[in-house]
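The figures that follow rest on heavy atoms only: side chains count, while hydrogens, waters and symmetry mates do not. Residue numbers run from 1 in the order of the sequence given. For clarity, every value in this text was computed on a predicted model and none was experimentally measured.
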Amino acid sequence: MLESLLPNTISEEEDIEKEIRDFCLCCAALASVEDEKEETLLSWIPKHLSIAAKTALEELSNSFFGSLDEKESNVQKLVIELMHEVLPLLKGIIKESSIDGTDIDNEISAASARTPVGYAIVAAYQFRWFVTQVSYPHVGNLCSLVIPCALTTLDHWSPAVKGQGMLSFIHLAKNVNAAELELYEDVILDICCRNIPSDDMLWHHVVEMSVLMLTSTQKKDPRSSWFEKMMNEMLSHLERQPRNKERYTTWLQLIEPVFIAMGLVLVAHFRRIFPLLFQWMHNDDDKTIRLVLQRTLTIIKLTWIRNTPYIERLVDHLTNTYKEASMRRAREEIRKDVLQILILLQKCKGLQFEATWSKYRDDPNLSALTPLFCSENISMVA
């Protein structure tokens, strides 16, 4: 397939534009796997060939545009020139093996029978490479071309195709402003929600994409229904697999911007968030425990943990985590994180904190904390 895109040794002058386009598509497929770590359909491409394709594109663009421009690379200029022709072509290839309403029995088999999925996967890699070559502010002018094609990749049944679409949306979210996404924000956020239950291999991409798109388009409206829909979809998925470490550590790493954007509205999700945090707080991995504690601190700072029955349980889990830390390598860091949260709870809950803390006052394993949370100090705060 890639070889067919290489130029003929003898070609007609009128074919030159098509040959430039096809040559760039070939190089895009080869160059797109340079930084890939997972096994994919294109894993056979050796690194030196990927680098050679990238170099060839640089040479071609330099000869096409002449002198180098400090503000914009010649490769980016060439890609922008080709986008109007290339993206509709790639979108059509991806759509050929998508599932449609005519496939009644085995939809995926029927779609693959029409066109082998390999063509869609290669096209998705080419699409992602083209999109990621264009940065701010230029990619914003191409939203009407990029977004329909990206939506088509996310509608595809193949995880390999979906993944490239997600990477394209991540690049888009980082390089355009909210106004440029305004026409498409509902359909983008809807497809983000629908892809949250995706394959495990896509979880990191789908969470990052969803967080970026949600905070980019809705950050001025913390009561937007999209925050509730997205949070409910993510929490439902985490509740179905609460012990899936890869899923919840990824979520903890990426979700903070959504928490910050939601602010006080987070209170409505306490009944689902805290049981998960309590479970993950006693993980066997120090980094994960610190992530849980850091997200817990963020929630308390944003909400002042009002209107919640979870104070007593939170203090119980924090004190247990403090004691368990004695057996961990990151003992000092974990205890410092716990202490930060307890001090903040003391400040915002006063007498309620005192009532809960009183049962730990004589615990010899918490002797270092007792002077900090004596009744006199708490009464002053209250």
Ignoring hydrogens and geometry, is there a side-chain-to-backbone donor-acceptor pair from [X] to [Y] under 3.5 Å?
X: R128; Y: S168; value: no
X: T152; Y: P148; value: yes
X: W304; Y: L264; value: no
X: S32; Y: A29; value: yes

Considering only NZ, NE, NH1 and NH2 on the basic side and carboxylate oxygens on the acidic side, decide whether [X] and [Y] come within less than 4.0 Å.
X: E312; Y: K359; value: yes
X: D286; Y: R328; value: yes
X: E354; Y: R361; value: yes
X: K77; Y: E72; value: no
X: K162; Y: D155; value: no
X: K287; Y: E333; value: no
X: R194; Y: D190; value: yes

Tell me whether L339 is reachable from M327 by hopping between hydrophobic residues (I, L, V, M, F, W, Y) whose side-chain heavy atoms are closer than 4.5 Å. no
Say whether M213 and V187 are linked into one hydrophobic cluster, either directly or through other cluster members, by side-chain heavy-atom distances under 4.5 angstrom. yes
Give, for atom [atom1] of [X] and atom [atom2] of [Y], the distance between the pair rounded to the nearest 0.5 Å.
X: R295; Y: I300; atom1: CZ; atom2: CD1; value: 12.5 Å
X: Q340; Y: Q294; atom1: CD; atom2: CD; value: 9.0 Å
X: I196; Y: L235; atom1: CD1; atom2: CG; value: 9.5 Å
X: L25; Y: E85; atom1: CG; atom2: CD; value: 9.0 Å

Residue pairs involving residues 166-216 (criterion ring-ring contact (aromatic ring centres under 6.0 Å, His included); sequence neighbours excluded): W203-H237
Check whether the side chains of S135 and Q76 place a donor and an acceptor atom closer than 3.5 Å, and report yes or no. yes
How about N177 and Y136: does a side-chain donor come under 3.5 Å of a side-chain acceptor? no
Measure across [X] and [Y] and return the closest heavy-atom pair with its distance rounded to 0.1 Å.
X: P242; Y: W280; value: O-NE1, 3.0 Å
X: F270; Y: Y310; value: O-CE1, 3.8 Å
X: T153; Y: G165; value: OG1-CA, 3.0 Å

